[in-house]
**Student:** 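One structure follows; several queries about it will come next.
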Protein chains: 2
Amino acid sequence: MAANPERTRNPDRSRAAILDAAERLFADQGYEATSLNQVGAAAGVSRGTPGYFFGSKLELYQAVLDRSFTEVREAVREGRARALASNEDSETILAGAVSDYFDFLAARPNFVRLIEREALSGSRLPEGASLSAGQEALAAISAELGLDDAPSGEAAQLLLSIISLCWFPLIHARTVAPAVGVGLENESLMEQRKRHVVALVLHGLRGTPLSTTSTEPSSHD
Amino acid sequence: MAANPERTRNPDRSRAAILDAAERLFADQGYEATSLNQVGAAAGVSRGTPGYFFGSKLELYQAVLDRSFTEVREAVREGRARALASNEDSETILAGAVSDYFDFLAARPNFVRLIEREALSGSRLPEGASLSAGQEALAAISAELGLDDAPSGEAAQLLLSIISLCWFPLIHARTVAPAVGVGLENESLMEQRKRHVVALVLHGLRGTPLSTTSTEPSSHD
DNA sequence: GATAACTTGCTGATCAGCAAGCAAGCTGCA
DNA sequence: TGCAGCTTGCTTGCTGATCAGCAAGTTATC
């Protein structure tokens, strides 16, 4: 029960263990419901160690978010490079990007939950700290895909739809999804969901005239 | 600053004021971050009154959810009756239902946030209490639209997509939406978003074969 | 032996729940 | 009509628990 006295000291390992534990606990329970006591216990250190390394609870939380965003930023950069390098047609690129984004989020449930909690509580971080990094990444994607120069904003709307479709099932896999008869419990069911999302986005891309400000007279959209 | 001594007693008004205040505070800050002190102050009663009327903090929370779900259940019943009464073609009905659902959620930001928090924390309610009411309502809709007997689940997938698309912008109106260049600040921008969602769903409906299992390929009422 | 890596004891603050108190208004009775 | 007594709405003081942060202690490692 007591902390193992044989354990060797290792600040790097302790920091990482604390960040891991805090990420999971903050994501599962939220900031207020998580105590530094819990974090320490889950990380295999004492109650005071998180404070020793990170100063305060808020700073620990910020460090968790920072680490997540750094990881996300790198993944986004890689994904963008891959998309640019390919010379497929834009529809295939979009389908691949949606699929990748879906998988990316599915592999990072803690990240999704943390951001969702941030969005719900209107960010307890000073001002545009880590969160702006995520927004910056999204803005970069949208610029990269040439989706931001259409004044109609139709492309931006589609991007927001893509994010909605990939994001939502991860949060509501145990609430809304089963209620409407969509199972998401195993990998093949998630794959099925992903195929539906990709198909829906492609139908939307084909069906929507991407730059019709006031030209088309007949369409009754 | 002190409570107005002129104030007449009125348990109904007090109960309602407490429920209103608690709904807003729980939705904005979450369960843990909200104290009964805050609830009392926001409701114009003393610190102890919420406990007097509702027993405990958890019971107050449950009462807030119950009231929300009752309201939602009634609205769903009305919407269903309206859809059944109309004799438009199914595509028009679906478009109207999506539009109504979008407006319905947009008019109930507290409800959306409460459910979102519930989903994130895995329901602190005993077991399938209020939440199942919402699931029940969704299941009813899906059955009503005849979307649940297709073994392929394509229709259920589309329903989940509809919910995702209507739900997401309400939570991320201040985070993701501006980052991708979609404004949602005023009514006309929300209207624009709604039109996009309806159009996307209709494209999905047209583009996807709804019953490609082994039954009748043509008739789908 | 110095410094860094922890742990443990302490403190003040906050909070939920309880219980005691108080007063407004009703009910029954003269 | 008036008053006594009771119920009910609501407040306030108290208690035990929890928690974040700090400071002082302890031990490994360089």
Side-chain angles (χ1 to χ4, degrees), chain A residues 1-65 117 121 124-126, chain B residues 1-65 117 121 124-126:
Chain A
M1 288 301 144
N4 184 356
E6 302 290 335
R7 204 169 155 231
T8 70
R9 295 184 173 189
N10 187 337
D12 292 342
R13 176 164 50 86
S14 292
R15 284 186 69 98
I18 290 167
L19 280 175
D20 289 343
E23 179 182 307
R24 189 173 54 81
L25 288 167
F26 284 146
D28 283 354
Q29 312 177 337
Y31 180 80
E32 325 278 348
T34 300
S35 72
L36 295 182
N37 206 335
Q38 281 181 293
V39 173
V45 297
S46 85
R47 164 174 67 81
T49 314
Y52 171 74
F53 280 108
F54 295 93
S56 71
K57 185 181 178 182
L58 191 63
E59 285 168 298
L60 170 60
Y61 179 73
Q62 191 153 354
V64 166
L65 253 55
R117 290 188 186 277
S121 290
R124 83 196 83 244
L125 271 57
Chain B
M1 286 306 144
N4 184 355
E6 304 289 333
R7 206 170 153 226
T8 69
R9 295 186 173 188
N10 188 337
D12 291 343
R13 176 163 50 87
S14 291
R15 282 185 70 97
I18 290 167
L19 279 175
D20 289 344
E23 177 181 310
R24 189 172 54 81
L25 289 167
F26 284 145
D28 283 354
Q29 310 177 336
Y31 180 81
E32 325 278 348
T34 300
S35 72
L36 295 181
N37 205 337
Q38 281 181 295
V39 173
V45 298
S46 86
R47 163 174 69 79
T49 314
Y52 171 74
F53 280 109
F54 294 94
S56 72
K57 186 181 178 181
L58 191 62
E59 286 169 297
L60 171 60
Y61 179 73
Q62 191 152 355
V64 166
L65 253 54
R117 292 189 185 277
S121 290
R124 83 195 81 245
L125 271 56

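In what follows, every heavy atom counts, from backbone to side chain, and hydrogens, waters and symmetry copies are set aside. Numbers restart at 1 for each chain; the letters A, B, ... are given by sequence-line order, proteins then strands.
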**Student:** Looking at B:Ala21 and B:Val39, what are the two nearest heavy atoms and their distance?
**Tutor:** CB-O, 3.8 Å

**Student:** Between B:Tyr31 (side chain only) and B:Leu58 (backbone N and O only), is there a donor and an acceptor less than 3.5 Å apart?
**Tutor:** yes

**Student:** Phosphate oxygens OP1/OP2 of C:dC6: is one of them under 4.0 Å from a side-chain N or O of A:Ser14?
**Tutor:** yes

**Student:** Between which residue ranges does DNA chain C form stems of three or more consecutive Watson-Crick or G-U wobble pairs, both distances under 3.5 Å?
**Tutor:** C:1-30 with D:1-30

**Student:** Tell me, for nucleotides 16-23 of chain C in 5' to 3' order, what letter each nucleotide earns: B for a base near a protein heavy atom under 4.0 Å, S for only sugar-phosphate near one, - for neither?
**Tutor:** SB-----B

**Student:** Measure the shortest side-chain to side-chain distance between B:Lys57 and B:Phe26 over non-hydrogen atoms and say whether it is less than 4.5 angstrom.
**Tutor:** yes

**Student:** Rounded to whole Å, please give me the gap between CZ in A:Arg15 and P in C:dA4.
**Tutor:** 14 Å

**Student:** Any pair with a residue in residues 14-31 of chain A that passes salt bridge (Lys or Arg N to Asp or Glu O under 4.0 Å), sequence neighbours left out, goes on the list, sorted by first then second residue, please.
**Tutor:** A:Asp20-A:Arg67, A:Glu23-A:Arg67, A:Asp28-A:Arg113

**Student:** Whole angstroms only, please: what is the CG-C1' distance between B:Asn10 and D:dC10?
**Tutor:** 13 Å

**Student:** Quick check against the 3.5 Å criterion: does A:Arg117 have a side-chain atom that pairs as donor or acceptor with the backbone of A:Ala27?
**Tutor:** yes

**Student:** Which sits closer to the 5' end of DNA chain C, B:Ala33 or A:Phe53, going by the nucleotide each is nearest to?
**Tutor:** A:Phe53

**Student:** To the nearest 0.5 Å, what is the distance between CD (A:Gln29) and CD (B:Glu32)?
**Tutor:** 8.0 Å

**Student:** Establish, with yes or no, whether the OP1 or OP2 oxygen of C:dA5 is under 4.0 angstrom from a side-chain nitrogen or oxygen of A:Tyr52.
**Tutor:** yes

**Student:** Does any part of the side chain of A:Tyr61, heavy atoms only, come nearer than 4.5 Å to the side chain of A:Thr34, both counted from C-beta?
**Tutor:** no

**Student:** So how far is it from A:Leu19 CG to A:Leu65 CG, rounded to the nearest 0.5 Å?
**Tutor:** 11.0 Å

**Student:** Nearest whole Å is fine: how far is D:dA17 P from A:Gln38 CD?
**Tutor:** 18 Å

**Student:** Counting heavy atoms from C-beta on, name the nucleotide in D:dT11, C:dG25, D:dG9 closest to the side chain of B:Thr8.
**Tutor:** C:dG25

